[in-house]
Amino acid sequence: MVSVTVVPAGRTPSVARGLPYTIELPGKQVEDTTVRDIKVALAKRFPKFYPARQKITLKDHKDTLQDEVKLVDAGVADGGEVSVKDLGHQISWKTVFLVEYGGPLVIHPLVYHFPKVFWGGPVYHSTLQRFVYVLVMIHFIKRELETLFVHRFSHDTMPLMNIFKNSAHYHILSGLALALSIYSPSFGATSPYIRGTIRDDPTFIWACTAVWIFAEVSNSITHINLRKLRPAGTRKRAIPYGYGFSLVSFPNYFFESVAWFTIAVMTGSFVAWIFLVVAVGQMYIWAAKKHRAYKKEFGSAYPKGRKAMFPFIA
């Protein structure tokens with residue numbers, strides 16, 4: 001039998017007032033007891049303190065012990081202690097992604113198909129508007145399908161409040177704001193901004209669409225390659241190779257940037273350019289942080305010539 005005492009890291013969580021609490025695991029040996037076992041046992045004692053809410057660390061340490069880590073590997077002996085912190089209410093990453101990408105899939109059709117509600121009359125859609133509408137819808141449908149069938153997340157959950165912050169980016173900026181801009185009468189078939197200009201030229205529209213298709217397909221290929229790195233049910237990390245990865249660590253972010261850059265060029269919409277700047281800026285922050293983590297984890301084995309997101313630049 002394994003015995004481990006769990007103490008609160010700081011203030012005692014409201015959902016686990018009985019801490020400190022000594023967990024006893026009959027039939028277990030310290031050599032085969034994992035952090036996950038501790039979390040499950042703790043949740044049995046305090047049902048509202050479910051495993052996703054728990055952050056287990058060594059006493060007086062801040063680094064999280066992942067679920068698959070064995071106690072013996074973490075230096076915890078039979079009769080030892082670990083600390084736990086309440087992360088608050090959690091929600092799955094998959095749920096957050098589905099809600100994020102679902103917003104534009106509802107908002108864009110409403111604005112496109114019901115112009116009387118927003119502008120008081122019909123909008124005779126230009127070829128540009130029809131193309132952009134289809135491209136935007138395909139993009140977010142693709143993201144929903146990837147969330148369901150491709151992505152393997154390194155973490156199961158995130159804080160519940162993140163769903164509101166993350167959704168605002170997609171629902172407001174790439175959803176409502178972008179839709180109100182590009183489906184407005186200003187971009188309609190009879191608008192002087194469109195009629196007789198390059199944005200009314202089929203060659204220009206199809207050329208931009210070709211670049212967009214290249215970027216979206218490339219983005220999907222890199223997502224599939226990333227999936228292959230992590231076997232189902234694990235948090236395994238490995239150095240990514242293959243299409244797109246020879247020059248940057250996160251070609252998926254780079255190709256998505258190219259796709260949204262194409263939309264901005266096609267439309268010339270200031271909202272599309274604002275969204276591009278915000279989205280690319282955020283993706284670069286993620287890429288730079290993860291790139292540093294790759295280099296720290298894999299050291300000299302990590303390809304030296306790779307940049308984080310932009311080939312040959314950064």
Side-chain angles (χ1 to χ4, degrees), residues 97-147 163-220 253-283:
F97 275 33
L98 291 174
V99 172
E100 286 177 359
Y101 305 139
L105 287 175
V106 173
I107 294 168
H108 279 260
L110 288 176
V111 177
Y112 184 87
H113 292 291
F114 299 98
K116 289 185 179 180
V117 175
F118 300 95
W119 293 287
V123 173
Y124 299 100
H125 292 125
S126 61
T127 301
L128 175 72
Q129 288 176 314
R130 293 195 294 271
F131 266 70
V132 172
Y133 174 64
V134 171
L135 299 186
V136 169
M137 293 298 290
I138 290 175
H139 171 80
F140 285 108
I141 290 172
K142 164 183 164 297
R143 296 310 303 268
E144 294 279 37
L145 293 174
E146 288 174 338
T147 298
I163 193 171
F164 301 104
K165 178 182 69 175
N166 291 20
S167 295
H169 172 74
Y170 290 98
H171 294 191
I172 296 175
L173 199 51
S174 64
L176 188 61
L178 186 61
L180 288 175
S181 173
I182 60 179
Y183 307 138
S184 71
S186 298
F187 289 84
T190 59
S191 169
Y193 178 73
I194 298 296
R195 191 173 183 179
T197 71
I198 191 172
R199 290 183 171 84
D200 199 25
D201 183 353
T203 301
F204 170 75
I205 294 173
W206 275 108
C208 289
T209 300
V211 174
W212 182 90
I213 292 172
F214 161 75
E216 291 285 339
V217 171
S218 297
N219 176 264
S220 288
Y253 293 155
F254 170 73
F255 288 126
E256 180 153 353
S257 298
V258 172
W260 284 112
F261 174 77
T262 304
I263 296 294
V265 170
M266 284 179 75
T267 63
S269 164
F270 74 94
V271 174
W273 285 107
I274 290 173
F275 175 70
L276 175 69
V277 171
V278 172
V280 172
Q282 181 60 72
M283 285 189 286

**Student:** I'd like to check the side chain to side chain donor-acceptor pair (under 3.5 Å) partners of Y170; sequence neighbours left out, ordered by chain and number.
**Tutor:**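 Partners of Y170 under the side chain to side chain donor-acceptor pair (under 3.5 Å) test: none.
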**Student:** So, using side chain to side chain donor-acceptor pair (under 3.5 Å) as the criterion, who are the partners of S184 when residues are at least two apart?
**Tutor:**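 Side chain to side chain donor-acceptor pair (under 3.5 Å) check on S184 returns nothing, list empty.
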**Student:** Taking atom CZ of F118 and atom CG of L176, what is their separation to the nearest 0.5 Å?
**Tutor:**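 If I round to the nearest 0.5 Å, the distance is 7.0 Å.
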**Student:** Tell me, please, which residues at least two apart from D201 pass side chain to side chain contact (heavy atoms under 4.5 Å, CB included).
**Tutor:**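 By the side chain to side chain contact (heavy atoms under 4.5 Å, CB included) rule, D201 matches T203, F204.
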**Student:** Would the W212 and H139 ring centres measure less than 6.0 Å apart?
**Tutor:**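 No, too far apart.
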**Student:** How long is the span from the OG atom in S220 to the CD atom in E256, to the nearest 0.5 Å?
**Tutor:**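 Here the rounded value is 10.0 Å.
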**Student:** Kindly write out the residues that satisfy side chain to side chain contact (heavy atoms under 4.5 Å, CB included) with T197, not counting sequence neighbours, or none if the list is empty.
**Tutor:**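 Side chain to side chain contact (heavy atoms under 4.5 Å, CB included) list for T197, sorted by chain: R199.
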**Student:** Give every residue pair that meets the salt bridge (charged side-chain N to carboxylate O under 4.0 Å, His left out) criterion with at least one member in residues 168-193, sequence neighbours excluded.
**Tutor:**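 Qualifying pairs: none.
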**Student:** Just how far is it from atom CE of M137 to atom CG of L105, taken to the nearest 0.5 Å?
**Tutor:**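 The CG atom of L105 is 5.0 Å from CE of M137, to the nearest 0.5 Å.
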**Student:** Would you please name every residue forming a side chain to side chain contact (heavy atoms under 4.5 Å, CB included) with S257, sequence neighbours left out?
**Tutor:**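 Side chain to side chain contact (heavy atoms under 4.5 Å, CB included) check on S257 returns V280, M283, M309.
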**Student:** Go through the structure and list residues passing side chain to side chain contact (heavy atoms under 4.5 Å, CB included) with L98, not counting sequence neighbours.
**Tutor:**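 Checked L98 against side chain to side chain contact (heavy atoms under 4.5 Å, CB included); matches are K94, E144, T147, L148.
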**Student:** For E146, which residues count as a salt bridge (charged side-chain N to carboxylate O under 4.0 Å, His left out) partner, sequence neighbours excluded?
**Tutor:**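 Testing E146 for salt bridge (charged side-chain N to carboxylate O under 4.0 Å, His left out), a comparison that skips the adjacent residues, returns K142, R143.
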**Student:** Checking side chain to side chain contact (heavy atoms under 4.5 Å, CB included) for the pair S174/F140: CA distance, chi angles, key distance, verdict?
**Tutor:** CA-CA 10 Å; S174 64; F140 285 108; 3.7 Å; yes
**Student:** Out of curiosity, E100 CD to I163 CD1, how far, rounded to the nearest 0.5 Å?
**Tutor:**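 Rounded to the nearest 0.5 Å, the CD-CD1 separation comes to 7.5 Å.
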**Student:** Using side chain to side chain donor-acceptor pair (under 3.5 Å) as the criterion, list what pairs up with R130, not counting sequence neighbours.
**Tutor:**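 Counting only residues at least two positions away or on another chain, R130 forms a side chain to side chain donor-acceptor pair (under 3.5 Å) with T127.
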**Student:** With sequence neighbours excluded, tell me which residues meet ring-ring contact (aromatic ring centres under 6.0 Å, His included) with W273.
**Tutor:**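 Residues passing ring-ring contact (aromatic ring centres under 6.0 Å, His included) with W273: F261.
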**Student:** Using ring-ring contact (aromatic ring centres under 6.0 Å, His included) as the criterion, list what pairs up with Y193, not counting sequence neighbours.
**Tutor:**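 For Y193, the residues satisfying ring-ring contact (aromatic ring centres under 6.0 Å, His included) (neighbours in sequence not counted) are F187.
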**Student:** Begin with the C-alpha distance, continue with both residues' side-chain angles, and end with the deciding distance and a verdict on side chain to side chain contact (heavy atoms under 4.5 Å, CB included) for T209 and M266.
**Tutor:** CA-CA 9 Å; T209 300; M266 284 179 75; 4.2 Å; yes
**Student:** What is the minimum heavy-atom distance between G188 and S126, and which atoms define it?
**Tutor:**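 Result for this residue pair: C-CB, 3.8 Å.
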**Student:** To the nearest 0.5 Å, how far apart are CD1 in I263 and CZ in F131?
**Tutor:**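 Result: 11.5 Å between the selected atoms.
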**Student:** With rounding to the nearest 0.5 angstrom, report the CG to CD1 distance, L180 to I107.
**Tutor:**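 One finds 9.0 Å between CG of L180 and CD1 of I107.
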**Student:** Determine the minimum heavy-atom distance between T267 and L128, stating which atoms define it.
**Tutor:**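 Nearest heavy atoms, T267 then L128: CA-CD2, 4.2 Å.
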**Student:** Show which side-chain atoms of residues 109-116 pair as donor or acceptor with protein atoms under 3.5 Å away, not counting sequence neighbours.
**Tutor:**
from, atom 1, to, atom 2, distance (Å)
H113, NE2, Y133, OH, 3.1

**Student:** Looking at V258 and A215, what are the two nearest heavy atoms and their distance?
**Tutor:**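 Scanning both residues, the minimum pair turns out to be CG1-CB, 3.8 Å.
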**Student:** Any side-chain heavy-atom pair from V106 and H171 closer than 4.5 angstrom?
**Tutor:**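 They are not in side-chain contact.
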**Student:** So which atom in S191 and which in S186 form the shortest heavy-atom distance, rounded to 0.1 Å?
**Tutor:**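 The answer is OG-O, 2.6 Å.
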**Student:** Measure across V123 and P185 and return the closest heavy-atom pair with its distance rounded to 0.1 Å.
**Tutor:**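 Result for this residue pair: CG2-CG, 3.9 Å.
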